[in-house]
Amino acid sequence: MYAWIFRHLPGSTFWRVVQSVVLVAAVVVALFLWVFPVIAPYLTVLEGDPAVG
Amino acid sequence: MVGGIGELFITLGVVLGLFVVWQLWWTSVEATAQADKVLTEFRATLPPANPELVEAAQLRTDDPPVPDKSPYGATIGTLIVPAWYGLTNNAMPIAEGTGMDVLDRAMAGHYEASQQVGEVGNFALAGHRRTHGNSFRHVDDLEKGDQVIVETATTWYVYEVTDHEIVTPDQVDVVAPVPHHPDEQPTERLLTLTTCHSLTLGELGNDHRWITYATFVGWMDRADGTPEQVR
């Protein structure tokens with residue numbers, strides 16, 4: 001999957017690496033800001049007791 | 001080479017790792033920023049406290065003023081635990097209520113059914129142990145005699161730690177006016193801190209609650225000075 005994405009990025013190898021880093025960073029930001037806050041209440045490994053954390 | 005299924009599992013593993021980083025680190029970055037904002041807004045509404053430092057022995061011991069009950073979510077004041085200076089974000093806002101919307105902003109939440117600060121009975125506060133600002137993370141460092149200070153718009157209230165205990169989450173009468181004796185009439189002014197604790201995971205778990213009790217030692221008008229342990 002990742003090799004396929006990398007192959008289909010345009011430009012030289014250098015630019016493909018740069019684009020890959022940007023894509024990974026975008027995914028991490030999306031996880032931190034939107035995905036994790038939504039799923040946190042369902043993953044009660046550390047927290048999540050409605051009484052007090 | 002790694003097959004498609006393998007890539008999927010590796011991705012899942014990395015995402016789970018990122019989730020731990022998010023929970024243990026990023027939630028605190030966000031929460032601390034929100035708490036700082038609340039604190040700045042709260043302090044902007046107050047005249048600055050008289051910076052002259054006053055020793056605990058010089059505090060007033062007559063009946064302190066008791067603030068009116070605040071609506072849910074409103075900022076009541078500031079919680080300062082001098083023993084936590086340099087360890088966690090000290091001087092955290094105290095807000096009315098113990099919902100996650102309050103606690104997740106790195107504030108101490110006041111149990112709505114408990115008494116007001118300075119009132120005879122129990123001024124009970126909840127806070128996160130880890131994540132979302134690590135508000136009460138170092139509650140286990142508190143020793144008998146350590147000060148717990150509450151600052152309101154007009155008044156400093158100074159309490160001293162007397163004791164702690166570890167209870168199961170269902171023992172809600174630790175925040176009763178007389179802890180563990182919900183039917184008794186209170187005669188003392190107490191402050192109680194409640195936060196998560198685990199017998200096996202310590203600060204990372206939430207199967208138990210760490211309860212710290214403090215008793216009122218005195219008060220002072222903000223115009224008259226600042227308790228010496230406040231920095």
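Lettering follows sequence order; numbering is per chain, from 1. Computed over heavy atoms, backbone and side chain alike; hydrogens, waters and symmetry mates excluded.
- By the neighbour-count criterion of 12 heavy atoms within 6.0 Å, atom CG of B:Leu12 is densely surrounded, having more than that number from other residues, nucleotides or ligands.
- Other residues, nucleotides and ligands contribute at most 12 non-hydrogen atoms within 6.0 Å of the NZ atom of B:Lys37.
- Taking every heavy atom of both residues into account, A:Phe32 and B:Trp22 meet most closely at O-NE1, 3.1 Å.
- A:Met1 approaches B:Glu7 most closely through the heavy-atom pair N-OE1, 2.7 Å.
- When the candidates B:Leu18, B:Val15, B:Asp104, B:Val21 are compared by the number of heavy-atom contacts under 4.5 Å with chain A, B:Leu18 comes out ahead.
- For B:Val172, no part lies under 4.5 angstrom from a heavy atom of chain A.
- Contact annotation for B:Trp210: neither backbone nor side-chain heavy atoms come within less than 4.5 Å of a heavy atom of chain A.
- Classified by interplanar angle (parallel below 30°, tilted 30° to 60°, perpendicular above 60°), the ring pair A:Phe36/B:Phe19 is perpendicular.
- Environment of CZ in B:Phe9: sparse, with no more than 12 heavy atoms of neighbouring residues, nucleotides or ligands closer than 6.0 Å.
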